[in-house]
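Scroll down for the structure; my scribbles are underneath it.
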Amino acid sequence: MSPRRRLPRALVAVAAAASVFATAGCVGLPSTSSVAPGKAVDAKDDSEPLAVEPLTASAYDDPRQIATGFLRAQMSAHDDYQAARTFLTGDASRRWRPGTAVTVFAGDSDITATRPDTTTVRLSVPVVATIDADGHLVRQPSTTRRDLRFTVSSTAGGWRLSQVPDGLGVWISSTDVARLFSRVNVYYPAAYGRSLVPDPRLLPRQGLATALARAALSAPPQWLRPAIATSLPTGTALAVDAVPVRDGEADVALSSRASAADNPARAALWASVTATVMQAPEVRSVSVRVGGARLETDNLPAQVSDPSQVGYSITADSLDEVISRSGAYLAWTHAQANDSVSGTDARAAQGRPVLPAVPADWSLLAAGQGGRQIAAISNDRTSVRRWLNGTDVTVPDLGNQLVRPAFDSSGWLWVAGRTSSASTPSSQASRSKRTGDTSSAALWALDTTSTSPTRTPTALDVQWLGASSVTSLSVSPEGSRVALTIRDGDDARAVVAAVERDERGRPVSLGPAHDIAPGVHDVKDVVWADGTSLAVLGTSDGLLQPTLVPLDDAPVPLGGVTGASSLVSTLDGRSGLFVRTDANTVFTRQGSSWSSFLTRGDLIAPRS
């Protein structure tokens, strides 16, 4: 499946006047170039930009209107923000530089303009988000306001701003974000294996192919770096700050440094650039060149339009079947059925592995390798048990307070809990000892490709865990990121972290914790809803409810379920979510509400 079919498409067309944001060397805000990206001759009309008429200053505007008009006119970047510059004096226009980031404000009606004295206008502006130079959206608390002070002067053409705040940058309203930006993924090659890791961004619609290519060559965010391959030669960049598109083919010309890459690095580069740039609506294939010649690598086809053509994959397929449990009995069930009774039939099990019976004293089940692997935790949460193709496999003792395990796409079984400080990495144990705790949080990975009972599980080094407890975990579809629920004292929060693996693919440590859903408290569970969003079960708006948390957008509360205790995901976004309850019932998402799916038992989503 091509990246374009997997990824969000353009929401609405970009305004012709809203051209590329102006700042050299930035991913999200590229500089203006005389070489403009081309347009496919057969591109559909819905990719055409819609014209907008930007505001310009009038001789009749009072100082407060001049200040608010300056912010509103920044909706158009045409001709280096010519419309916005009409609100400035010549000196102020020369000093104002749009900057490397964008501030998003709520709306014109919420801006308060005052005039403390004859030469000053003060704006109080409600800020909802910022978009950094790389295109990452950072939401702000709902009460955030910024005070902006402008100096005004009377000129022959009327009032104008003679001084703007230092580092003001670009300001646009929230209603203009969807018109000016596209929600895209930048794909990076994983440090181990042949998968691509998505990093959601907001990039300008105008010149999108160029912005995407530049982003694919940029460094990943700090928290994600331990999971990303770093094989590109230092200094690899676009040779020209533009990516022309001719007859549907994006021409990505790279600097000469790229030619020093070996064959594996070249394949990774082709995969990353192709998967990323193919999201531009006018692009149907990608060509990567150095010095006018195509950058060759092993088995490179004549035309490249999908990362699978160079041996890479985007792991984001949703599940058609889940496993329901009733007593000791496990059964294959259609995930899209209205309930487990109607969904459990011979067709659901066709071509699927035979499932084992699981004794009643084992719970918190997980499934991997398409159901060939089943894992469970003892009811006293001190032991792990595993079944391979229906046969019981011995698992070494790990610790206590074990949580529901998770399989990753590489065949590793992840388990979290607590154990004695002596059996955890020294960096974690030392922090626990300082708190007086004789045990510490631990995270293990078991190689499920081995049936040897003597194979020692890997205890991951997670330096930031300290005396905290891990109460749930979920591994991303491609296995390069892990989501955890961390309890610190009276509250629990959800975080994601990059997985660092050794040359054999063994997980050895986690990168820095990256907080998600700061507005959700007392988190009980977190699961990956798809490759770029998570579902978090916790308290938001005073209600215990699941919340959909895109990594690049605002959280979306999904409504409460009485007694909700944990979540299940088939990796199909909000429509693929299920809620388990403490009464051993399961609810499924039906439209905008929750409906009973399983009246007694458990539900497991098998990983491939």
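Fair warning: this is a prediction, and the values are worked out from it, not measured in the lab. Position 1 is the first residue of the sequence; numbering continues from there. In what follows, every heavy atom counts, from backbone to side chain, and hydrogens, waters and symmetry copies are set aside.
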Could you check whether any side-chain heavy atom of Trp444 comes within less than 4.5 Å of a side-chain heavy atom of Pro507, counting everything from C-beta outward? no
Please evaluate residues Leu254 and Val288 with respect to the criterion side-chain contact (heavy atoms from CB on, under 4.5 Å), reporting the C-alpha separation (whole Å), side-chain torsions for both, the decisive distance (0.1 Å), and the verdict. CA-CA 7 Å; Leu254 301 182; Val288 179; 3.5 Å; yes
State, with a plain yes or no, whether a side-chain heavy atom of Val470 is found less than 4.5 Å away from one of Thr485. no
Counting only heavy atoms not in Arg225, do more than 12 fall under 6.0 Å of its CZ? yes
My understanding is that only residues two or more places apart in sequence, or in another chain, count here; which of them pass side chain to side chain donor-acceptor pair (under 3.5 Å) with Arg501? Asp408
I need the full list of salt bridge (charged side-chain N to carboxylate O under 4.0 Å, His left out) pairs touching residues 251-266, with sequence neighbours left out, sorted by first then second residue. Arg246-Asp251, Asp251-Arg289
Is it true that Arg284 and Asp247 make a salt bridge, defined as a side-chain N closer than 4.0 Å to a carboxylate O? no
With Thr230 via side-chain contact (heavy atoms from CB on, under 4.5 Å) - residues at least two apart: none
Which residues pass the ring pair (Phe, Tyr, Trp, His ring centres under 6.0 Å) test with Trp528, not counting sequence neighbours? none
Going through the distances and angles, do Val102 and Trp171 end up as a side-chain contact (heavy atoms from CB on, under 4.5 Å)? CA-CA 6 Å; Val102 173; Trp171 287 61; over 6 Å; no
Listed partners of Arg372 passing side chain to side chain donor-acceptor pair (under 3.5 Å), at least two apart: none
Heavy-atom donor-acceptor pair, Ser255 side chain to Gly235 backbone, under 3.5 Å: yes
Distance-minimising heavy-atom pair for Gly370 and Pro606: C-CB, 4.2 Å
List for me each residue that meets side chain to side chain donor-acceptor pair (under 3.5 Å) alongside Gln82, sequence neighbours excluded, and say none if there are none. none
Donor-acceptor contact below 3.5 Å, side chain Ser533 vs main chain Ala529: no
Can you spot which of Thr547, Val496, Val523 makes a side-chain contact (heavy atoms from CB on, under 4.5 Å) with Ile516? Val496
According to side chain to side chain donor-acceptor pair (under 3.5 Å), who are the partners of Ser195, at least two apart in sequence or on a separate chain? none
Look only at the side chain of Thr130 and the backbone of Asp132, and say whether a donor-acceptor pair between them is shorter than 3.5 Å. no
Would you say Leu465 and Ile486 make side-chain contact, with heavy atoms under 4.5 Å? yes
Is there a salt bridge (Lys or Arg N to Asp or Glu O under 4.0 Å) between Asp80 and Arg85? Walk through the geometry before answering. CA-CA 9 Å; Asp80 193 22; Arg85 293 184 187 278; 3.4 Å; yes
Is the shortest heavy-atom distance from the side chain of Tyr81 to the side chain of Ser76 under 4.5 Å? no
Check: Arg481 side chain, Ala227 main-chain N or O, donor-acceptor pair, under 3.5 Å: no
Contact between Thr419 and Leu398 at the side-chain level, heavy atoms closer than 4.5 Å - yes or no? no
Name all residues meeting the side-chain contact (heavy atoms from CB on, under 4.5 Å) criterion together with Pro200; count only those two or more places apart in sequence or in a different chain, and write none if there are none. Asn185, Thr532, Leu551, Asp552
Got a sec, which residues hit ring pair (Phe, Tyr, Trp, His ring centres under 6.0 Å) with His136, two or more places apart in sequence or on another chain? none
Evaluate Gln309 against Asp306 for side-chain contact (heavy atoms from CB on, under 4.5 Å), listing each step before the verdict. CA-CA 6 Å; Gln309 294 175 282; Asp306 193 284; 4.0 Å; yes
Mind checking whether Leu460 and Val508 have side chains closer than 4.5 Å, heavy atoms only? no
Only counting residues at least two apart or in another chain, list the ones meeting salt bridge (charged side-chain N to carboxylate O under 4.0 Å, His left out) with Asp553. Arg139, Arg183
I would like to know whether Leu388 and Gln369 meet side-chain contact (heavy atoms from CB on, under 4.5 Å); could you show each step before the answer? CA-CA 10 Å; Leu388 174 60; Gln369 294 183 332; 4.2 Å; yes
Looking at every heavy atom in both Pro457 and Pro396, which two are closest together, and how far apart are they? CD-CG, 4.0 Å
With sequence neighbours left out, what residues match Glu249 under side-chain contact (heavy atoms from CB on, under 4.5 Å)? Ser285, Ser287
Are the side chains of Tyr187 and Gln279 in touch, meaning some heavy atoms are under 4.5 Å apart? yes
Side chains of Leu443 and Leu473: closer than 4.5 Å at any heavy-atom pair? yes
On the 0 to 90° scale, with breaks at 30° and 60°, tag the His514-Trp223 ring pair as parallel, tilted or perpendicular. parallel
Results of side-chain contact (heavy atoms from CB on, under 4.5 Å) for Ala375 - residues two or more places apart only: Pro405, Phe407, Leu413
Which one of Val286, Leu203, Val243 satisfies the side-chain contact (heavy atoms from CB on, under 4.5 Å) criterion with Leu212? Leu203
Is the shortest side-chain N to carboxylate O distance from Glu503 to Arg506 below 4.0 Å? no
